[in-house]
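Note sheet for the following structure.
Order of the sequence lines sets the chain letters (A, B, ...), proteins ahead of strands, with each chain counted from 1.
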Amino acid sequence: MKNVSDRHEDFFDRVYKIVEKIPYGKVTTYGLIAEKCGIKSSARTVGWALNKAKFSNLPCHRVVNRNGELTGKLHFGQPELMELLLKSEGVMFIDGRVDLSKNLWIPRKLS
DNA sequence: TGGATGACCTACA
DNA sequence: CTGTAGGCCATCC
């Protein structure tokens, strides 16, 4: 069996691998990532992983909640940064939220 | 070991 | 729309 540290690396690694693959100009959701990680019942933990990864080079600004709201913007240092980055990538906003119907990217399941 | 925390989700009033 | 409530799971202390 795996050690706790191994499990933690493994879990974070899954989230990283998915977030890392989010294409330019697209966004995905915590729940979707969680689902592809096999922990669909806990999208929260995905946010936790991103919290640890916010100092990494991951495009965590492309991860929004199920409603298309930028719930994690407060963790970017500057609240407006997240929306700015997305807009600069061509992501369309509707009433302060991401237009998921046009910009949603569904990650592929990890093998 | 167990409670508290969290960048969530769903359901309901 | 807002607020409340429950659940889910990894991590922290």
Side-chain angles (χ1 to χ4, degrees):
Chain A
M1 298 308 249
K2 297 170 184 286
N3 292 327
V4 176
S5 50
D6 285 337
R7 191 150 44 85
H8 136 229
E9 291 250 0
D10 186 49
F11 172 75
F12 281 8
D13 189 50
R14 290 185 211 167
V15 178
Y16 295 158
K17 276 194 157 89
I18 292 182
V19 175
E20 205 172 26
K21 289 175 182 169
I22 304 178
Y24 183 96
K26 293 287 182 181
V27 300
T28 191
T29 74
Y30 301 97
L32 234 36
I33 295 174
E35 188 177 345
K36 305 309 176 195
C37 282
I39 52 171
K40 137 183 131 169
S41 22
S42 183
R44 270 186 171 173
T45 316
V46 174
W48 230 100
L50 289 182
N51 189 20
K52 294 298 184 185
K54 70 181 174 185
F55 292 112
S56 304
N57 300 321
L58 295 173
C60 38
H61 59 275
R62 298 186 188 139
V63 184
V64 298
N65 73 350
R66 203 54 180 164
N67 227 359
E69 299 171 355
L70 312 183
T71 52
K73 64 177 170 186
L74 294 177
H75 292 261
F76 277 80
Q78 292 186 348
E80 65 261 35
L81 182 60
M82 189 174 185
E83 185 173 341
L84 273 163
L85 286 171
L86 291 175
K87 281 185 176 175
S88 70
E89 295 185 0
V91 175
M92 299 180 63
F93 278 75
I94 295 180
D95 194 28
R97 302 178 223 170
V98 177
D99 186 358
L100 292 178
S101 63
K102 292 181 178 165
N103 301 286
L104 177 62
W105 174 77
I106 300 177
R108 283 201 307 168
K109 196 173 180 183
L110 296 174
S111 47

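Sorted by first then second residue, the salt bridge (charged side-chain N to carboxylate O under 4.0 Å, His left out) pairs that include residues 15-38 of chain A, not counting sequence neighbours, are A:Asp13-A:Lys17. Here salt bridge (charged side-chain N to carboxylate O under 4.0 Å, His left out) pairs that include residues 47-63 of chain A, with residues two or more places apart or in two chains, are A:Arg62-A:Glu89. Applying the side chain to side chain donor-acceptor pair (under 3.5 Å) test to every pair with at least one member in residues 94-106 of chain A, sequence neighbours left out, gives these pairs: A:Asp99-A:Ser101.
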Atom pairs, N/O to N/O, protein against nucleotides 9-13 of chain B, distance under 3.5 Å?
from	atom 1	to	atom 2	distance (Å)
B:dC9	OP1	A:Arg66	N	2.9
B:dC9	OP2	A:Arg66	N	3.1

Grab the N/O contacts between the protein and nucleotides 1-4 of chain C below 3.5 Å, and write none if there aren't any.
from	atom 1	to	atom 2	distance (Å)
C:dC1	OP2	A:Arg97	NH2	2.7

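DNA chain B lies under 4.0 Å from at least one heavy atom of each of the following residues of residues 73-85 of chain A: A:His75, A:Phe76.
In this structure, the side chain to side chain contact (heavy atoms under 4.5 Å, CB included) partners of A:Cys37, at least two apart in sequence or on a different chain, are A:Arg14, A:Val15, A:Ile18, A:Ile33, A:Ile39. Listed by chain and number, the residues in a side chain to side chain contact (heavy atoms under 4.5 Å, CB included) with A:Leu84 are A:Glu80 (sequence neighbours excluded). In this structure A:Lys87 satisfies the side-chain hydrogen bond (donor to acceptor under 3.5 Å, both in side chains) test together with A:Glu83, sequence neighbours excluded. The side chain to side chain contact (heavy atoms under 4.5 Å, CB included) test applied to A:Ser41 returns no partner, not counting sequence neighbours.
For the pair A:Phe12 CZ and C:dC9 P, the computed distance is 16 Å after rounding to whole Å. What separates CD1 of A:Ile39 from P of C:dA10 is a distance of 7 Å, to the nearest Å.
Residue-to-nucleotide contacts include no donor-acceptor pair under 3.5 Å from the side chain of A:Ser41 to the base of C:dC8.
With C:dC8, B:dA7, B:dT5 as the candidates, the nucleotide lying closest to the side chain of A:Trp48 is B:dT5.
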Please tabulate, for the side chains in residues 68-78 of chain A, all donor-acceptor contacts under 3.5 angstrom to protein atoms that are two or more places apart in sequence or on a different chain.
from	atom 1	to	atom 2	distance (Å)
A:Glu69	OE2	A:Asn67	ND2	3.4

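Residue A:Thr71 is classed as a sugar-phosphate contact, given heavy-atom separations below 4.0 Å to backbone atoms only. A:Lys40 comes within 4.0 angstrom of no nucleic acid atom, judged by non-hydrogen atoms across all strands.
Smallest separation of non-hydrogen atoms from A:Arg66 and A:Leu100: O-CD1, 3.4 Å. The two atoms that bring A:Leu104 and A:Thr28 nearest to each other are CD1-CA, 3.9 Å, heavy atoms only. Between A:Ala53 and A:Tyr16 the shortest heavy-atom distance is CB-CE2, 3.1 Å.
OP1 or OP2 of C:dC12 sits under 4.0 Å from a side-chain N or O of A:Lys52.
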